[in-house]
Amino acid sequence: MSNNYFRKKPLNTILSDVSSGYGDGENPEQGMSHLNKVLGVKDLTFMGIAAVIGAGIFSTIGEASFNGGPGVTVLFIITAITCGFSAMCYAEFASRIPVSGSAYTYAYASFGELIAWIIGWDLLMEYAIGNIAVAISWSEYFTNLLRGFNIHIPSYLTMDYLSAYRGHLTVQELTNKGDTITITDTLREQTSAWTSAPEIGGLKLIADIPALLIVALITWLVYIGIRETKRVTNAMVLLKIGVVIFVIILGFFYISPANWTPFFPNGFGGVMKSVSGVFFAYIGFDAISTTAEECENPQKDLPKGMIYSLIICTILYILIALVLTGMVNYQELQVGDPLAFVFERIGLNKISYIISISAVIATASVLLIFQMGQPRIWMAMSRDGLLPKAFSRIHPKYKTPYFSTIITGIVVAVPALFMNLTEVTDLTSIGTLFAFVLVCGGVLLLEEDKEARAGRFRIPYINSKYIVPGLLIAGIAVFHKPLLGMFHNYGNWEEFREKLPYLLFIIIAITLAFYSFTKELSLIPVAGLLSCFYLMTELGYTNWVRFLIWLAIGLVVYFSYSAKNSKLNARRS
């Protein structure tokens, strides 16, 4: 029975469904509606850009620059290379298995059902929490923009309950200590929300209404069709790329090269401190793989769309980081709206208004792509029997997974009303990196699958036999002191637990080096797996625990419902 949990979905079954004009798990006898095939390379590239150029370039890049200084550009390059390895693996899978479901479907074909469920459950967390974070971020941009036009929404309608409560307590403590000088504008706003909020039965009515409204609007747009989503996305992308390029060109004339010295003010450790923020800026390019069944030519266009969007976004991120750290000292960039801030800093207030408008549009476009991606994950899992059938229903008129879209809207909108943004980016990043790890590993397994059919895109084969073991030996030689230092203070659990992810990485690196030497594995997926797993180690023990708790909940759902209702289980019973 245990072997059934790792039953694989044959590629022939998936591909025959696609060649017959049906999605994964559908068949003509069911008389089901199907998705519209309307997306080309340009649309996919724009969707990738829409997902990546958002909160990262308008918000988290400020904190990253504060921690790493001008050297944060190196982290953008490292992260782009890491994502590039994963993008090539996604592209090969998308070329071989051109159906909705993204990493979930890929894992089903390579690892088997249980791992596919785990990655599907992980993706639901990644998209949901990512969407909540983007909705809250959009609300902040939107309310700030309205203030610029002297339109003020009551503060208790623009933030979550916990932030208001904590801000109120902090202000009370500082006031009692006589330390009012350290009370920031944010704390004052949080206190105002708490004191001015109406009450019912002693409960303060505090909620982020703009976050709810934008999720509702985006959900409606995704509900009515992929063609409408495509048009809105393309318009948003053209506008925000135009603004970003304008900012780069204008900012270039205000750069002071002295601000780039020192380039690594806090060392490489300071640069790596911003891994979660920088990686959070990149997540989303994989979301376009969920649109495979809505592509005109998925085997050819999906790989191009992923890679093109990643290259364009990397160039823009590097240039923006150089302009920001060149215009002002990196120590001034710990702000929520760094692009607008630097132009206010040099007296160009009108430019900051343009940037604020662009930030609202850019963040909305990210939410649009994520809200489009998650229902298609639900749909793919439902088709396989791992979720109830309702999740795979296609609207007869709009040709969208309408029930999944509605549920996604509820799952994102309700928490966005009340959820605190703290540490959300870390949890989203660890989920995304885990998906990347499995996709890279899945490509290695597919290469050994005799039934695997070559698609139009194949990862160039580079023999890793000597490269990976050589890099491992070189890494041990260079970093032997920090490695040995990991075993100091063994008796101090709080310190040692933070080292556990690194120890796991070392074990995986040694194992992959061994198999690279003995099996002559392909270098690019091995490099993608190792680099993504290393970035996971930088996210800390606490996020690993939260992530594992979420996966444990998923396993309870799988063994209590999904394993029994799996279509593969029904076929083999």
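Computed over heavy atoms, backbone and side chain alike; hydrogens, waters and symmetry mates excluded.
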Item to complete: Using a 4.5 Å cut-off on heavy atoms from C-beta on, say whether the side chain of L386 contacts that of E113.
Response: yes

Worksheet item: Is there a donor in the side chain of D384 and an acceptor in the side chain of Y104, or the other way round, less than 3.5 Å apart?
Response: yes

Fill in: Spacing of I430 atom CD1 and T537 atom OG1 [to the nearest 0.5 Å]
9.5 Å

Practice prompt. Look only at the side chain of S560 and the backbone of V557, and say whether a donor-acceptor pair between them is shorter than 3.5 Å.
Written response: yes

Worksheet item: Is there a side-chain contact between I119 and I115 (heavy atoms, below 4.5 Å)?
Response: no

Discussion item. Check whether D122 reaches the backbone of I118 with its side chain - one donor and one acceptor, N or O, closer than 3.5 Å.
Written reply: no

Item to complete: Give a yes or no on whether the backbone of S392 and the side-chain of S382 come within a donor-acceptor separation of less than 3.5 Å.
Response: yes

Discussion item. Is it the case that the side chain of S566 and the backbone of S562 share a donor-acceptor pair, with hydrogens and angles ignored and the cut-off at 3.5 Å?
Written reply: no

Practice prompt. Would you mind reporting whether Y541 and V545 have side-chain heavy atoms less than 4.5 Å apart?
Written response: yes

Practice prompt. For Y515, look at atom OH and say whether over 12 heavy atoms of other residues, nucleotides or ligands are found less than 6.0 Å away.
Written response: no

Worksheet item: Which distance, rounded to the nearest 0.5 Å, do you find between the OG1 of T73 and the CG of L324?
Response: 11.5 Å

Practice prompt. Could you tell me whether the side chains of T408 and Q371 share a donor-acceptor contact shorter than 3.5 Å?
Written response: no

Item to complete: Report the distance from atom CG of L521 to atom CG of N463, rounding to the nearest 0.5 Å.
Response: 8.5 Å

Worksheet item: Between CD1 of I506 and OH of Y534, what distance do you get to the nearest 0.5 Å?
Response: 10.5 Å

Discussion item. Between S65 and P338, is there a side-chain heavy-atom distance shorter than 4.5 Å?
Written reply: no

Worksheet item: Are the side chain of N565 and the backbone of G385 linked by a donor-acceptor contact shorter than 3.5 Å?
Response: no

Worksheet item: Hey, what's the ring geometry for W378 with F391, parallel, tilted or perpendicular (30° and 60° as the breaks)?
Response: parallel

Worksheet item: Out of curiosity, I507 CD1 to L512 CG, how far, rounded to the nearest 0.5 Å?
Response: 12.5 Å

Fill in: K42, NZ: over 12 other non-hydrogen atoms inside 6.0 angstrom
no

Worksheet entry | Heavy-atom side-chain contact between L322 and F76 under 4.5 Å | no

Practice prompt. Quick one: sort the W544 and F533 rings into parallel, tilted or perpendicular, breaks at 30° and 60°.
Written response: perpendicular

Fill in: Over 12 foreign heavy atoms within 6.0 Å of CZ, F559
yes

Item to complete: Mind checking the CZ-CG spacing from R376 to L123? Nearest 0.5 Å is all I need.
Response: 14.5 Å

Practice prompt. Kindly determine whether E520 and S464 satisfy side chain to side chain donor-acceptor pair (under 3.5 Å), including the steps that lead there.
Written response: CA-CA 6 Å; E520 299 186 1; S464 65; over 6 Å; no

Worksheet item: Angle class for the Y558/W117 ring planes (parallel below 30°, perpendicular above 60°, tilted otherwise)?
Response: tilted

Discussion item. Parallel, tilted or perpendicular, judged at 30° and 60°: which one describes the rings of F434 and F547?
Written reply: perpendicular

Fill in: Short side-chain to backbone donor-acceptor contact, W260 and G71, under 3.5 Å
no

